[in-house]
Protein chains: 2
Amino acid sequence: MMNIKASPLTQKLSAFVALSETELAVLERLHQRRKSFSAGRDLVHQGQSEQAAYILAAGWVVSYKIQADGTRQIVDFQIPGDFLGLRSVLLHTSDHGIEPIVEIEAAEVLGSDLLQAFAETPRLATAILWAVSRDEAMVVEHLVGLGRRDADARMAHFLLELGVRLSLVGMGSRQGYACPLTQYHLADALGLSAIHVNRVLRKLREGGLVTFQSGLVTFDDYEGLVALADFDPAYLDQSRPLLP
Amino acid sequence: MMNIKASPLTQKLSAFVALSETELAVLERLHQRRKSFSAGRDLVHQGQSEQAAYILAAGWVVSYKIQADGTRQIVDFQIPGDFLGLRSVLLHTSDHGIEPIVEIEAAEVLGSDLLQAFAETPRLATAILWAVSRDEAMVVEHLVGLGRRDADARMAHFLLELGVRLSLVGMGSRQGYACPLTQYHLADALGLSAIHVNRVLRKLREGGLVTFQSGLVTFDDYEGLVALADFDPAYLDQSRPLLP
DNA sequence: CGATCACTTGATGAGTCTCAACGTGGGTGG
DNA sequence: CCACCCACGTTGAGACTCATCAAGTGATCG
């Protein structure tokens, strides 16, 4: 391997399919057109008609929707190894905004790049399709949380899911992880007020379950948190390879 | 055209792309392996590993997730012209259940059928990809509703969205539509208790906005409802063709 | 060194849930 | 054919979760 360290996307896909040398090479080629973007400036505006998608290489990104009354609902966070704006490319328009939370690094991917890569290595296409389907499953799980979990379970579930996702790209463990999100981010993602988020975090911390402080998430009682959240990582694991 | 009436899927896709004779023929061929299923018996169980997908031809279907504590969250309803279990096929497992609400008619579609159809008519592939992306956009909008809309707006938005979807397949209009859902269905979809659903419906009815009664949804004041729900059908319209 | 941002805490109230009834129609079995 | 039952709908009272308003802290930064 050329690189000292594989890209997060490679790492993630490798956890699920054994990729050949060729496939790895094609994957790395997709990472060529590297760009960086600074925090806070929208990558994609809600309503914009957009052309390119990106593979996130470093940093955190948030996808959100703003309503007419000004409230914001965060649909998902993206972490290294995730795709950005894939649906915007397909629909040739974006119904949501995409904003870097910190300074990020991302590789621009054109529709044509993707097509070509798929033509060369169909297995890779399948692997990426898997990744996209998994994203969809995460959105569904998020929806379930908003509809049928109370604030505590919602928070617990969210922090656990993020932990699993980060672990897949080597940025987290059962101990915890670094997390640049503010309590306002959590509020907008979980459909709560920032004030209530604060109280929930305090409760979880004082209950000895998890600590969210100064950019660090620490799991104090992983099992307890799993129980509280009714967390079943099946929809993320997907360790059963779907390739023939 | 052979058929007196085009299938709902054909109707839906036609609203967005002008399909050639060939494409129409391929589309009709996908509807060959027709089956019917009775209400209440799961088509796909949560946790099952499933092989086939379906195109819904007649009837209503619900996709849901059951939690450990027994509460149910409905992710989406499918109406004629919608795909069922496409993601289950891709992931080779199902993280959610699929249940017919009434007696339904559906055409079984194997992965191989789909691949072959796509090989014959790439434009059709694009059209179907559009339909799938639109479904995704609907789930996202549903998520936003759960997170950031109060019960009244949630209900209003839901009834309006369903109206637009049904209109696309000729089963509804600005006047209203037939709807076999119970108040319990609404409750599980909107993250409310059935009791509160009842109250909300009464409020909307007495406010002269919309009537949900005995299997019939009637829009009494469409504009008023749109205003209450902050409903923007942009994510459904997609009238801008994405084909070259 | 004032400003701003992220966080924190308390008090109050709205929105929604839960529990507990009761109504009503269509189906089923005796 | 009647009596019953069950699913669905309706209504009221009280409790609880979470939002809102108000205020204040401590860091970071131009």
Side-chain angles (χ1 to χ4, degrees), chain A residues 38-40 60 62 67 69-74 99 101-103 145-158 178-207 210-217 228, chain B residues 38-41 60 62 67 69-74 99-103 145-158 178-207 210-217 228:
Chain A
S38 52
W60 293 52
V62 56
Q67 293 194 269
D69 65 3
T71 58
R72 175 169 86 153
Q73 175 64 47
I74 290 180
E99 177 192 314
I101 291 174
V102 295
E103 164 104 13
L146 289 174
R148 289 295 180 214
R149 276 194 268 267
D150 66 17
D152 298 1
R154 227 130 96 194
M155 179 68 73
H157 194 279
F158 174 80
C179 170
L181 303 179
T182 69
Q183 296 187 355
Y184 290 87
H185 284 126
L186 296 179
D188 284 345
L190 302 179
L192 301 170
S193 69
I195 293 169
H196 201 61
V197 163
N198 186 286
R199 292 192 228 276
V200 169
L201 287 176
R202 172 153 51 114
K203 192 164 142 198
L204 293 179
R205 177 168 10 101
E206 290 175 353
V210 62
T211 307
F212 180 102
Q213 236 162 23
S214 47
L216 230 56
V217 174
L228 172 64
Chain B
S38 52
R41 306 185 70 86
W60 293 52
V62 55
Q67 293 194 269
D69 65 2
T71 59
R72 174 169 87 153
Q73 175 65 47
I74 289 179
E99 176 193 316
I101 291 174
V102 295
E103 164 103 14
L146 288 175
R148 288 297 181 214
R149 275 195 268 266
D150 65 19
D152 298 1
R154 227 131 96 193
M155 178 68 73
H157 195 279
F158 174 79
C179 170
L181 303 180
T182 69
Q183 295 187 356
Y184 291 87
H185 284 126
L186 296 179
D188 284 346
L190 302 179
L192 302 170
S193 68
I195 294 170
H196 201 60
V197 163
N198 186 288
R199 292 194 229 275
V200 169
L201 286 175
R202 171 151 55 112
K203 192 163 145 199
L204 293 180
R205 177 168 10 100
E206 290 175 352
V210 65
T211 307
F212 180 102
Q213 236 161 23
S214 47
L216 230 56
V217 175
L228 171 64

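First the proteins, then the strands, lettered A, B, ... as listed; each starts at 1. As the structure is a prediction and not an experimental result, all values here were calculated from the model.
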| request: Please list, chain by chain and in numerical order, all residues satisfying salt bridge (charged side-chain N to carboxylate O under 4.0 Å, His left out) with B/Arg154, sequence neighbours excluded. | output: none
| note | A/Lys203 atom NZ is separated from D/dC16 atom C1', nearest whole Å, by 12 Å
| Footprint string (nucleotides 4-13 of chain C, 5' to 3'): B base within contact, S backbone only, - free, heavy atoms under 4.0 Å | ---BBBBB--
| Taking atom CG of A/Leu190 and atom CG of A/Asp152, what is their separation to the nearest 0.5 Å? | 11.0 Å
| With sugar-phosphate meaning primed atoms plus P, OP1 and OP2, does B/Gly215 contact a base, only sugar-phosphate, or nothing at under 4.0 Å between heavy atoms? | nothing
| B/Arg149 CZ - D/dA19 P separation (whole Å) | 17 Å
| field | Integer-rounded Å distance: C/dT16 P and B/Met155 CE | value | 11 Å
| request: Measure the distance from CG on A/Asp69 to C1' on D/dT20 and round it to the nearest whole Å. | output: 15 Å
| field | Sugar-phosphate, base or nothing in reach of A/Gly191, heavy atoms under 4.0 Å | value | sugar-phosphate
| field | A/Leu216 side chain near A/Thr211 side chain, heavy-atom distance below 4.5 Å | value | no
| remark: Between NE2 of B/His196 and P of D/dC8 the distance, given in whole Å, is 21 Å
| field | Under 3.5 Å donor-acceptor, B/Gln73 side chain and A/Gly145 backbone | value | no
| task | Quick one: closest heavy-atom pair of A/Arg148 and B/Leu192, and the distance? | result | NH2-O, 3.2 Å
| request: Give the rounded distance in Å between these two atoms: CG of A/Asp150 and P of C/dT16. | output: 16 Å
| 4.5 Å side-chain heavy-atom contact, A/Leu204 and A/Met155 | yes
| Bend angle of the helix from C/dC1-D/dG30 to C/dG30-D/dC1, from helix axes over five pairs at each end, nearest 10° | 30°
| said: Between A/Thr182 and A/His185, is there a side-chain donor-acceptor contact under 3.5 Å, judged purely by atom types and distance? | reply: yes
| query | In whole Å, what is the span from the CG atom of B/Leu190 to the P atom of C/dC17? | reply | 10 Å
| task | List the steps and the verdict of side chain to side chain contact (heavy atoms under 4.5 Å, CB included) for B/Phe212 and B/Leu186. | result | CA-CA 11 Å; B/Phe212 180 102; B/Leu186 296 179; 3.8 Å; yes
| said: Is any side-chain heavy atom of B/His157 closer than 4.5 Å to one of B/Arg149? | reply: yes
